[in-house]
Student: 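Provided herewith is a single structure, encoded as structure tokens, for subsequent inquiry.
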Number of protein chains: 2
Amino acid sequence: MSRPESRLGAHLPVSPPTLADVAERAGVSRQTVSNAVNNPDLLRPGTLERVRGAIEEMGYSPNRAARNLRTRTSQLIGLRVSPVQEGTANAMMDRFVHTLVETSALAGHHVLLFTGDDEDPVAGYDNLLRSTAVDAFVVTDTYLGNPQAAWLAQQRAPFVAFGRPWDRASARHPWVDVDGAAGTRLATEHLIAKGHTRIAWIGWRKDSPIGEDRRAGWLKTMHEHGLPTTGLASRVEDTVQSGGEAAAVLLDESEPTAFVCASDTLAMGVLHTLWLRQLAPGKDIAVVGFDDSQVAQVYPVGLTSVRQPLEDVAVEIVNALQSLLSHQPAPEDGVLLTPTLVVRESS
Amino acid sequence: MSRPESRLGAHLPVSPPTLADVAERAGVSRQTVSNAVNNPDLLRPGTLERVRGAIEEMGYSPNRAARNLRTRTSQLIGLRVSPVQEGTANAMMDRFVHTLVETSALAGHHVLLFTGDDEDPVAGYDNLLRSTAVDAFVVTDTYLGNPQAAWLAQQRAPFVAFGRPWDRASARHPWVDVDGAAGTRLATEHLIAKGHTRIAWIGWRKDSPIGEDRRAGWLKTMHEHGLPTTGLASRVEDTVQSGGEAAAVLLDESEPTAFVCASDTLAMGVLHTLWLRQLAPGKDIAVVGFDDSQVAQVYPVGLTSVRQPLEDVAVEIVNALQSLLSHQPAPEDGVLLTPTLVVRESS
DNA sequence: GCCCCTGATTGGAACGATCAAGGGGGCCGA
DNA sequence: TCGGCCCCCTTGATCGTTCCAATCAGGGGC
């Protein structure tokens, strides 16, 4: 039987062919076409070729909604976009998201963006989950006490976090993270190799576990090399101005010859202070940032910076998601990746 | 009848309640529950309240796949993420995407990200379209001769472009864009108001319509004020280095006191050249960039820059999409928004 | 009292795919 | 010759929702 003519006129978009249309054309049943798409091994080579020909000719693509309804999946991965922070240098999400989208595509998934209510941070997740609009989530902002990860774990919703669960109390769940301490260790050892001995740290306030992790890398490396750290550390807000002020104080009081910073934003502040004092970055004073943001790349005096392997993070997250969705429990519950150091003129 | 117990154990996620479940609980039929969700006006107030109660209690959310199948929509808007360009300063997509996601959510849509094949730029679009995975597209990279817009228009697929169709030959379609010429006009008039008369232009190569548009704003404003432009314009690649070299040449040959640049990337090059020559940005020489990128915000000598109203662009795009999807032809075929100038220390 | 009309609600069908059985034909061994 | 098995393919049922037409109850006009 031929499908009812739903083309009201040539000016309206034609409705795409269905499984039944292809089946009729190829002279087989619906199920055979379905198998040709999903389980080609089940078909005799001749039949497969014929069906594939029909699919090709008609430009058939399985209707997503129908497939999703039947299989109870959506092939979608939810990603909440957090508000843009202007005035800071961390626009690295671009890099991450791009690779995430690409890698998911290889695994047959697409990425769905959504925003959250500020009042109820889990509202967005809850909606998508209950309407079975996504198969899984990627949770990116895992600051301390982030309720989302715990909530999702409690709901037994499949998700992978970019970021370690910092509070041990929270339920276990798969995660992928970058070893911040290893990054600052790289930076510190690079500076030590350059002959620096008085290396200062400018980081975030104590309530940031990520900041403390990065600080630990600097601290431990300094100690291992028997270098002084007292009076050489500063913890401030993540703004250019704070970084600049901290650098000024440290320069006055402790005379460091190099700075390791918890972010490129802070490093920009340091560079500003150096500029005000007519000190040449990379010659008089070395500076290393964190995140390899576009600022670090574009700044005329190239800023040496710790670069997070965001592409690898995305790949690992998709891996974890896949084993999660195929109900194979992830081998371990976390993957920790090591960043690299991009050396530029500032060190 | 009660639904079959599909809960194999408390450790597995419970399948969400369906329309039928809610109907049973509320003592009404499926259709009535459906109406309560989609056409509340059809219900008697008492019934509506009862059904809403049941929905609330059971935490019901309509199954997306089923609804999509029946209504032939997906409530999804496709957005192709273009490859990340490192080393340039235009990470403004973050701002745009965020507002797009938020605004679409208000309209009941989500944003689906996908990537494209480099060889076949329309492959990604084609797939999503044929599988009815998205309702519409937002096309962002509308450079000259971009095949996507033309292809989509030919397919009669609903889409809105961020960017004007530069070649008149291409099919008409709704678009939203930022008036680049108005931006450089703002920049130029700002500099003129500051007393500058020799204002140079550093832009992109001639084959970029966007670049030519921005250049035109500078050129026209200069002419209107009877100011010279010969020997004061340069067209180069969009890199920091090119911008710096162009600035050096212009400084040597034409002695400008100010620069208007087609991008923040180029402006960074100019700043670098000034730094090399011990010229103070904002005092000796004024510099204005374009895009108000994070670099402009974070750079210690704040870079004056033309800021695109990306939030407004996103809102207008969603507006256009909505009228497109409700089959009301958009009132006009294009919306042109005016940028603003963010004045900082560099001018 | 009867009929019609309107508003509220209902049951059946359909959207387009996959799942779960079932069936026909060829090949093998008995 | 016949049962049994495997391979390839087909048929009917189903996922959860919305569309469509039909039904039902309640009022008002005559």
Side-chain angles (χ1 to χ4, degrees), chain A residues 1-4 6 14-52 54-55 58-75 108 130-133 135, chain B residues 1-4 6 14-52 54-55 58-75 108 130-133 135:
Chain A
M1 59 190 137
S2 78
R3 50 207 293 256
S6 59
V14 197
S15 55
T18 73
L19 210 52
D21 297 328
V22 178
E24 193 192 5
R25 175 101 157 217
V28 292
S29 70
R30 297 187 318 264
Q31 187 58 42
T32 301
V33 181
S34 174
N35 286 335
V37 175
N38 301 309
N39 302 81
D41 297 345
L42 294 180
L43 299 206
R44 203 187 307 168
T47 314
L48 180 57
E49 194 178 351
R50 192 154 37 100
V51 174
R52 284 200 167 144
I55 290 177
M58 307 182 74
Y60 168 77
S61 237
N63 180 299
R64 269 297 218 294
R67 170 179 279 182
N68 294 350
L69 174 59
R70 192 63 180 101
T71 62
R72 296 166 163 280
T73 58
S74 65
Q75 306 298 99
R130 281 199 322 228
S131 56
T132 56
D135 290 344
Chain B
M1 57 191 141
S2 79
R3 50 208 293 257
S6 59
V14 196
S15 53
T18 73
L19 210 53
D21 298 327
V22 178
E24 193 192 4
R25 175 101 157 216
V28 294
S29 70
R30 296 187 319 262
Q31 186 57 43
T32 302
V33 181
S34 175
N35 285 337
V37 174
N38 301 310
N39 302 81
D41 297 345
L42 294 180
L43 298 207
R44 203 187 309 167
T47 315
L48 179 57
E49 195 178 350
R50 192 156 35 100
V51 175
R52 283 199 168 145
I55 290 177
M58 308 182 73
Y60 168 76
S61 245
N63 180 299
R64 269 299 217 296
R67 170 179 278 183
N68 294 349
L69 174 60
R70 187 58 230 206
T71 61
R72 297 166 164 281
T73 57
S74 64
Q75 306 296 101
R130 282 199 321 228
S131 56
T132 57
D135 290 345

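Keep in mind it's a predicted model, so treat the numbers as computed, not measured. Below, read A as the first sequence line, B as the second, and so on, with proteins coming before strands; counting in each chain starts at 1.
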Student: Please confirm whether the shortest side-chain N or O distance from A:T18 to OP1 or OP2 of C:dG16 is below 4.0 Å.
Tutor: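 For C:dG16, OP1/OP2 do not have a side-chain N/O of A:T18 under 4.0 Å.
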
Student: What is the distance, rounded to the nearest whole Å, between atom CZ of B:R64 and atom C1' of D:dT18?
Tutor: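 Taking atom C1' of D:dT18 as the reference, CZ of B:R64 is at 15 Å.
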
Student: Roughly how many Å is it from CG in B:N63 to P in D:dT18, rounded to a whole number?
Tutor: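 After rounding, the gap between these two atoms is 10 Å.
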
Student: Is B:T132 close to A:P16 at the side-chain level, that is, under 4.5 Å between some pair of heavy atoms?
Tutor: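 Side chain of A:P16 against side chain of B:T132, heavy atoms only: contact under 4.5 Å found.
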
Student: Kindly indicate whether the side chain of A:R70 and the base of C:dT18 share any N or O donor-acceptor pair separated by less than 3.5 Å?
Tutor: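 Such a pair is found, so the answer is yes.
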
Student: Is the shortest side-chain heavy-atom distance between A:V37 and A:I55 below 4.5 Å?
Tutor: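 Yes, side chains in contact.
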
Student: With rounding to the nearest 0.5 angstrom, report the CD to CG distance, A:Q31 to A:N39.
Tutor: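 Here the interatomic distance stands at 8.5 Å.
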
Student: Would you check if B:N68 and A:N68 make a side-chain contact, meaning some heavy-atom pair closer than 4.5 Å?
Tutor: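 No, too far: nothing below the 4.5 Å cut-off.
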
Student: With a 4.0 Å limit, can you tell me whether B:S34 has a side-chain N or O closer than that to the phosphate oxygens OP1/OP2 of D:dT18?
Tutor: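 Yes.
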
Student: Atom CG of B:D21 and atom C1' of D:dC15: how far apart are they, to the nearest Å?
Tutor: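 Roughly 13 Å, once rounded to whole Å.
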
Student: Atom CZ of A:R50 and atom CZ of A:R44: how far apart are they, to the nearest 0.5 Å?
Tutor: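 Between A:R50 CZ and A:R44 CZ, I get 8.5 Å after rounding to 0.5 Å.
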
Student: Could you measure the distance from the CG atom of B:L69 to the CZ atom of A:R70? Nearest 0.5 Å is fine.
Tutor: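 If I round to the nearest 0.5 Å, the distance is 12.0 Å.
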
Student: What integer distance in Å separates B:E24:CD from D:dG16:P?
Tutor: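 Rounded to whole Å, this separation is 14 Å.
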
Student: Establish, with yes or no, whether the OP1 or OP2 oxygen of C:dG12 is under 4.0 angstrom from a side-chain nitrogen or oxygen of B:R30.
Tutor: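 Answer no for this pair, as no side-chain N or O of B:R30 is under 4.0 Å from OP1 or OP2.
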
Student: Using a strict heavy-atom distance below 4.0 Å, which residues from residues 35-52 of chain A are in contact with DNA chain D?
Tutor: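 A:L43, A:R44, A:T47 - these, ordered by number, are the residues of the stretch whose heavy atoms sit under 4.0 Å from the strand.
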
Student: Start at the 5' end of DNA chain C and walk down; is the nucleotide closest to B:S29 or to A:A20 reached first?
Tutor: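 Closest to the 5' end, via its nearest nucleotide, is B:S29.
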
Student: Working to the nearest 0.5 Å, report the span between CZ of B:R67 and OG of B:S34.
Tutor: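 Taking CZ in B:R67 and OG in B:S34, the distance rounds to 7.5 Å.
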
Student: C:dA13 P sits how many Å from B:L69 CG, rounded?
Tutor: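 Between P of C:dA13 and CG of B:L69: 17 Å.
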
Student: Counting only side-chain nitrogens and oxygens, does B:T32 get under 4.0 Å of the OP1 or OP2 atom of C:dT9?
Tutor: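 False: B:T32 side-chain N/O out of range (4.0 Å or more) of C:dT9 OP1/OP2.
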
Student: In whole Å, what is the span from the CD atom of A:Q31 to the P atom of C:dC19?
Tutor: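 After rounding, the reported distance stands at 8 Å.
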
Student: Does C:dC15 have OP1 or OP2 sitting under 4.0 Å from an N or O in the side chain of B:R72?
Tutor: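 For B:R72, the contact criterion (side-chain N or O under 4.0 Å from OP1 or OP2 of C:dC15) is not met.
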
Student: Using whole Å, report how far CD1 of A:I55 lies from C1' of C:dA17.
Tutor: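 To the nearest whole Å, that distance equals 13 Å.
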
